[in-house]
Amino acid sequence: MTPYFETGDIQIYHGDAREVLSDLSVEATACVTDPPYGLGDEPDPADVMRAWADGTDPDVGGGGFMGEDWDSFVPAPNTFEAIYGSLLPGAPMLCFAGSRTADWMGMSLRFAGFERRDTIQYLFGSGFPKSLAIGKAIDDAKGAEREDLGP
């Protein structure tokens, strides 16, 4: 397999990890990955668990980030199994996940054989909706009407 980009000792391959890693002979000492976060429609948990237990990708509808299908759900365990098989025993993985789907990502990693040791969380608040006039929302909730003061 030809690298997508290469400079010095660094080689970058572009493609499905399951296919790329099966073509390479790699024994990595660590893995740092930022896989798709799976920000699409929330699937039925029972369907996902059945598919993962059968070793298949779940049928998840709806696109994820910007409507893209590749981000509709977190990678299935068979993707992480390919990564697991390319790591030396005891090698760590740092895997990023979305705050809404971190539980799914963790479960997919466990199905693939990884042990979850430590978790680092980056939590943030997004504030209240910017398109909401809070005064008008309070008036609407109370059933009140404001006097029109003109221009």
Side-chain angles (χ1 to χ4, degrees), residues 1-138 140-141:
M1 171 165 273
T2 305
Y4 173 76
F5 174 80
E6 187 170 11
T7 180
D9 292 336
I10 298 171
Q11 297 175 339
I12 297 175
Y13 294 85
H14 181 261
D16 186 319
R18 295 170 287 196
E19 296 168 10
V20 173
L21 288 171
S22 69
D23 289 347
L24 299 175
S25 176
V26 178
E27 289 187 327
T29 56
C31 176
V32 177
T33 183
D34 190 14
Y37 290 178
L39 301 178
D41 297 336
E42 184 71 19
D44 178 41
D47 291 343
V48 173
M49 290 293 129
R50 273 192 288 280
W52 284 359
D54 292 339
T56 61
D57 294 339
D59 184 21
V60 179
F65 178 69
M66 296 182 67
E68 295 290 333
D69 287 338
W70 58 263
D71 190 41
S72 61
F73 197 55
V74 299
N78 56 23
T79 298
F80 291 119
E81 286 170 359
I83 295 170
Y84 187 83
S86 70
L87 294 173
L88 290 170
M93 173 191 264
L94 177 61
C95 181
F96 291 83
S99 56
R100 288 187 298 176
T101 56
D103 57 334
W104 285 116
M105 192 75 74
M107 189 58 64
S108 183
L109 288 162
R110 286 177 189 260
F111 266 77
F114 285 96
E115 292 179 23
R116 191 167 180 180
R117 296 288 178 99
D118 296 316
T119 301
I120 301 170
Q121 294 183 343
Y122 167 65
L123 302 175
F124 58 92
S126 60
F128 63 88
K130 305 297 187 268
S131 61
L132 178 69
I134 193 72
K136 289 181 182 178
I138 292 171
D140 288 345

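Note that the numbering runs from 1 along the sequence shown for the chain.
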Exercise. Quick one: CG on N78 to CG on D54, what's the gap to the nearest 0.5 Å?
Worked result: 11.5 Å
Problem set entry | Spatial distance of atom NZ (K136) from atom CD1 (I138) [nearest 0.5 Å] |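 These two atoms lie 13.0 Å from each other.
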Within the 4.5 Å heavy-atom criterion, are [X] and [Y] side-chain neighbours or not?
{"X": "V60", "Y": "P43", "value": "yes"}
{"X": "T79", "Y": "P35", "value": "no"}
{"X": "L87", "Y": "F114", "value": "yes"}

For this session: Sequence neighbours left out, what passes side-chain hydrogen bond (donor to acceptor under 3.5 Å, both in side chains) with E27? Give chain and number order.
Result: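 So E27 forms no side-chain hydrogen bond (donor to acceptor under 3.5 Å, both in side chains) with any residue.
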For this session: Could I get the full list of salt bridge (Lys or Arg N to Asp or Glu O under 4.0 Å) partners for D16, not counting sequence neighbours?
Result: R18
Mind listing the side-chain donor-acceptor pairs of residues 88-112 below 3.5 Å, one per line with the distance, residues two or more places apart or on another chain?
residue	atom	partner	partner atom	Å
T101	OG1	Y37	O	2.4
W104	NE1	E42	OE2	3.1
S108	OG	P75	O	2.7

For this session: Describe, in one word, how the ring planes of F73 and W52 are oriented to each other, choosing from parallel (under 30°), tilted (30 to 60°) and perpendicular (over 60°).
Result: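 Because their plane-to-plane angle lies in the 30° to 60° range, the rings of F73 and W52 count as tilted.
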